[in-house]
Amino acid sequence: MALDLPTSLSPSKVSTYTDCALSFRFSAIDKIPQPPTVATVKGTLVHAALERLLALDAQGRTVDAAIACLADATALLDSDPEWEELALNADEQAQFFRDADLLVRKYFDLEDPTRIEPIGLELHVEHELPVKSGASVTLRGIIDRLERDTNGQLVVSDYKTGKAPAEGYQQSRLTGVHIYAYLCEQIYGERPAKVQLLYLGGSPTIVETTPTEQSTRQIERKVTSIWSAIETACERDDFRPKKSKLCNWCSYQQWCPAFGGDPDAARAAFEGIDRPERPNGFRQP
Ligand code: SF4
């Protein structure tokens, strides 16, 4: 039986499909929720703190203000179902908050926030991208920060709370921000002068590049060909597992045929179950 097509694509869906088509089916088509992890909840909290910091007047963006923003964002955890699901004990909670505090402080090693001129924070962007079948697909995402540099040109920034990858793998991690650059060009008629990933974990590092006509066309081709592959896979109900080291962290392993599971059993188990909403101020998963 043919599967329903997803309603849209985003940088994270493109990345999931590229890593493993079956994992994409579980998350984007069957909509099977993935349990929260300490890393994902901490990442959401630090993003919320930095969003609040950059929303302040430039001169007020101090380390003390950032820690106050983190405290403000932390208050949201009281009503956050993902935080509740983690069920951390007192020691684990203390470590969680120490880590979040350190990540926010390390942000200041990367840049001086008083010099940033944001024009959008947690900015929702979307565009109808024509695809080979003659229809279109909604390409959407949320840009952590869109700003103008000192020359008045657009810059797309994305925060990462993990460590920067080794040099040989850095460019491949930029696909998501290249998609955001493509969306900016379609929506605002301007190609950003720079896209950058701000890694706060380990030794804080910025990985950046300049989008070009060629990178824009490559992104367009990549997204349209992924969408064609998804259409075909949905028609044939044929999303295949791709084993890799990512399987070690995959929450779908029990339903994956590569590990002796049955994907249809997963769909049946989660039919009609919705994930609870997160409180205002936290990005929805
Ligand atoms: S366990 Fe591995 S192969 Fe199976 S769905 Fe997850 S990532 Fe894909």
Side-chain angles (χ1 to χ4, degrees), residues 2-32 34 47 118-148 153-160 169-197 207-240 242 246 283-285:
L3 299 173
D4 291 341
L5 274 170
T7 52
S8 63
L9 277 182
S10 65
S12 67
K13 286 180 182 171
V14 166
S15 154
T16 303
Y17 184 84
T18 307
D19 290 338
C20 172
L22 181 60
S23 171
F24 175 88
R25 174 196 147 165
F26 284 138
S27 62
I29 297 174
D30 296 336
K31 301 204 182 305
I32 297 172
Q34 299 180 63
H47 274 73
I119 56 172
L121 298 169
E122 296 284 320
L123 183 67
H124 290 247
V125 282
E126 72 174 55
H127 168 69
E128 289 298 317
L129 174 66
V131 288
K132 289 175 191 159
S133 60
S136 67
V137 58
T138 305
L139 184 59
R140 61 161 62 106
I142 303 173
I143 300 177
D144 285 345
R145 190 176 86 203
L146 184 66
E147 74 221 46
R148 294 227 175 253
Q153 294 191 292
L154 292 176
V155 175
V156 171
S157 301
D158 204 33
Y159 306 119
K160 300 287 179 195
Y169 296 91
Q170 291 183 350
Q171 289 305 308
S172 65
R173 304 293 173 89
L174 289 162
T175 300
V177 277
H178 273 303
I179 292 177
Y180 289 137
Y182 171 80
L183 285 168
C184 286
E185 194 171 343
Q186 301 309 309
I187 296 166
Y188 306 115
E190 281 179 61
R191 180 179 307 139
K194 186 166 77 174
V195 291
Q196 58 180 3
L197 300 174
V207 176
E208 61 181 45
T209 192
T210 303
T212 61
E213 175 71 27
Q214 191 191 15
S215 66
T216 303
R217 297 286 79 82
Q218 269 174 0
I219 284 296
E220 206 167 40
R221 275 198 301 275
K222 178 170 181 150
V223 175
T224 51
S225 74
I226 284 178
W227 183 251
S228 293
I230 292 168
E231 284 180 319
T232 305
C234 281
E235 273 164 31
R236 299 177 183 168
D237 187 359
D238 183 14
F239 286 89
R240 298 185 187 182
K242 183 162 126 189
L246 296 175
R283 185 186 280 196
Q284 296 298 321

Heavy atoms of V14 and T18 approach each other most closely as O-OG1, 2.7 Å
Check whether any side-chain heavy atom of R148 lies under 4.5 Å from a side-chain heavy atom of L154, and answer yes or no. yes
SG (C234) and CD1 (I29) are apart, to the nearest 0.5 Å, by 3.5 Å
One should read off an interatomic distance between L121 CG and I142 CD1, to the nearest 0.5 angstrom, of 12.5 Å
task: Indicate yes or no: at least one non-hydrogen side-chain atom of E126 is less than 4.5 angstrom from one of L183.
output: no
Is a donor on one side and an acceptor on the other found under 3.5 Å between the side chain of H47 and the backbone of Y159? yes
- side chain to side chain contact (heavy atoms under 4.5 Å, CB included) evaluation trace for V207 with Q196: CA-CA 6 Å; V207 176; Q196 58 180 3; over 6 Å; no
Across all chains, not counting sequence neighbours, the side-chain hydrogen bond (donor to acceptor under 3.5 Å, both in side chains) partners of R217 are E213, E220
Sub-4.5 Å side-chain heavy-atom contact between V137 and E128: no
Donor-acceptor check, side chain of K13 to backbone of S10, threshold 3.5 angstrom: yes or no? no
When rounded to the nearest 0.5 Å, the distance separating CZ of F26 from CZ of F239 is 11.0 Å
- Steps toward side chain to side chain contact (heavy atoms under 4.5 Å, CB included) verdict (Q171, T209): CA-CA 8 Å; Q171 289 305 308; T209 192; 4.0 Å; yes
Here the gap from T138 atom OG1 to L9 atom CG, rounded to the nearest 0.5 Å, amounts to 9.0 Å
dist R140:CZ -> H127:NE2 (nearest 0.5 Å) comes out at 13.0 Å
Heavy-atom nearest pair, K160 first then L197, reads CE-CD2, 3.9 Å
* To do: Answer yes or no: is there a side-chain heavy-atom contact under 4.5 Å between W227 and L139?
  => no
Item checked: Min side-chain heavy-atom separation I230-P6 under 4.5 Å -> yes
Would you say P192 and V156 make side-chain contact, with heavy atoms under 4.5 Å? yes
Kindly indicate, with the supporting measurements, whether the criterion salt bridge (Lys or Arg N to Asp or Glu O under 4.0 Å) is fulfilled by R145 and D158. CA-CA 7 Å; R145 190 176 86 203; D158 204 33; over 6 Å; no
- Side-chain contact, heavy-atom cut-off 4.5 Å: S157 with D144? no
Subject >> Derivation of the salt bridge (Lys or Arg N to Asp or Glu O under 4.0 Å) call for D19 and K242 >> reply: CA-CA 7 Å; D19 290 338; K242 183 162 126 189; 6.0 Å; no
**Request:** Take H178 and Y182 through the test side chain to side chain contact (heavy atoms under 4.5 Å, CB included) and record every step on the way to the result.
**Result:** CA-CA 6 Å; H178 273 303; Y182 171 80; over 6 Å; no
**Prompt:** Below 4.5 Å, heavy atoms only, C-beta onward: do Y180 and L146 meet side chain to side chain?
**Reply:** no
In this structure, CG of L3 is separated from CD of E235 (nearest 0.5 Å) by 10.5 Å
inquiry  = Please check: side-chain N/O of T216 versus main-chain N/O of T212, any donor-acceptor pairing under 3.5 Å?
reply    = yes
Exercise. Determine, stepwise, if the pair R240 / L22 fulfils side chain to side chain contact (heavy atoms under 4.5 Å, CB included).
Key: CA-CA 5 Å; R240 298 185 187 182; L22 181 60; over 6 Å; no
Next on the checklist: Determine whether a donor-acceptor pair (N or O, by modelled atom type, separation under 3.5 Å) exists between the side chain of S15 and the backbone of P11.
Outcome noted: no
